[in-house]
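One-based numbering along the sequence shown.
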Amino acid sequence: MVVIRLSALITFAAALLFHFDPACAQQNQRSGPPRTPASQRVTPSESDLTRSRADVMQKMNETRAGAEKLLALHEIERQRLLEEYNCRRDLYYQGLIARTEVLQAEQALAEAMIRVDEDKRWLAETDVAMTEYAMRDELLRLPGLAVGGYSETHTLIRFNGGALWSLADARKIESFFAKTFGRALPISALGQTATHERLRFDHRNAMDVALHPDSKEGQSLLRFLRQAGISFIAFRNAVPGAATGAHIHIGKPSARTNGS
């Protein structure tokens with residue numbers, strides 16, 4: 001139910017972005033009758049865009065809150081099934097129940113663990129999407145970077161590398177991280193996901209990593225990417241309502257797809 005609500009919400013958000021896109025509004029203004037110079041008026045579409053995005057963010061926050069409640073319920077169920085599994089295992093060792101009863105409890109526990117993991121992945125992906133969605137305007141306002149260019153603000157770190165990047169190169173990044181920190185690279189999105197599709201973001205040749213760019217691991221990864229000439233955008237802040245929106249986007253910025 002939560003996934004369905006998110007799908008409808010993100011589709012609604014994409015529709016709003018298209019309807020209120022400033023470029024579309026400017027095109028409509030050029031094709032219409034002469035109007036007052038922009039410097040002498042406040043463009044209605046801009047205020048409408050701000051208000052509509054605030055509404056969408058509020059709805060996304062509400063949906064996320066519901067997902068967190070669902071995760072809490074699933075974690076309670078996982079704990080209950082873990083206790084049930086341990087109890088049946090002890091009874092089996094005492095010769096009081098058949099092995100099939102232990103296997104049934106083990107299977108139920110495995111399924112509960114999968115549900116919890118899926119909930120957590122969904123929340124992490126949603127937080128990243130909320131962050132990129134909320135900061136899209138700020139990214140568009142920033143000047144472009146020359147090849148090798150680097151820019152840093154209190155919210156964003158950008159690097160425009162000259163290396164040719166593809167998802168096949170993700171392996172060398174994963175290898176570097178595993179050798180350096182002894183754990184797997186926390187990838188939250190590899191290529192195009194359902195969330196990016198609904199937002200009409202072209203994420204086919206990009207990867208999101210759930211690391212805060214100012215953390216020790218994040219700083220090490222950013223240095224590696226710069227040395228390798230791989231472009232990235234690092235988001236320092238999670239937007240209100242998101243817990244883990246801070247992340248590192250590897251690859252070129254996610255452009256809006258045609259028809260958006």
Query - Heavy-atom side-chain contact between K120 and L123 under 4.5 Å - result: no
Report task. Compare all side-chain heavy atoms of E68 with those of D119 and state whether any distance is below 4.5 angstrom. Result -> no
Query raised in the report: Side chains of L222 and R226: closer than 4.5 Å at any heavy-atom pair?
Result: no
**Report entry** Polar side chain donor-acceptor pair, E75 to Q79, under 3.5 angstrom
**Finding:** no
Query raised in the report: L81 and A108: which non-hydrogen atoms are nearest, and at how many Å?
Result: CD1-O, 3.5 Å
Query raised in the report: Parallel, tilted or perpendicular: which describes the rings of H249 and H203, with under 30° parallel and over 60° perpendicular?
Result: perpendicular
Query - hydrophobic_cluster_shared for F159 and F177, side chain cutoff 4.5 Å - result: yes
Query - Exceeds 12 heavy-atom contacts within 6.0 angstrom, atom CG of L96 - result: yes
Requested in this report: Could you tell me whether R80 and E77 have a side-chain N and a carboxylate O separated by less than 4.0 Å?
Outcome: yes
Query raised in the report: Shortest non-hydrogen contact from I230 to K172?
Result: CD1-CE, 4.0 Å
Query raised in the report: Shortest non-hydrogen contact from R183 to L211?
Result: NH2-CD2, 3.7 Å
Query raised in the report: Do the non-hydrogen side-chain atoms of L142 and L156 ever get within less than 4.5 Å of each other?
Result: yes
Query raised in the report: Taking Q219 for the side chain and P213 for the main chain, is one N or O donor matched with an acceptor at less than 3.5 Å?
Result: yes
Requested in this report: Please report the closest heavy-atom contact between F181 and K216, naming both atoms and the distance.
Outcome: CZ-O, 4.2 Å
Query - Side chains of E84 and R88 in contact at under 4.5 Å (non-hydrogen atoms) - result: yes
Query raised in the report: For the residue pair L167 and N205, what are the closest heavy atoms and their distance?
Result: N-OD1, 3.4 Å
Report summary line: Tightest non-hydrogen contact, residues V209 and S188, listed as N-OG, 4.2 Å
Report task. For the pair F224 and F176, name the ring-plane relationship: parallel under 30°, tilted 30 to 60°, perpendicular over 60°. Result -> parallel
Report task. Examine distances only and state if a side-chain atom of W165 and a backbone atom of G229 form a donor-acceptor pair shorter than 3.5 Å. Result -> no
Query raised in the report: Just by modelled atom types, is the A124 backbone N or O under 3.5 Å from a matching donor or acceptor in the D127 side chain?
Result: no
Query raised in the report: Under 4.5 Å between any side-chain heavy atoms of E118 and W122, yes or no?
Result: no
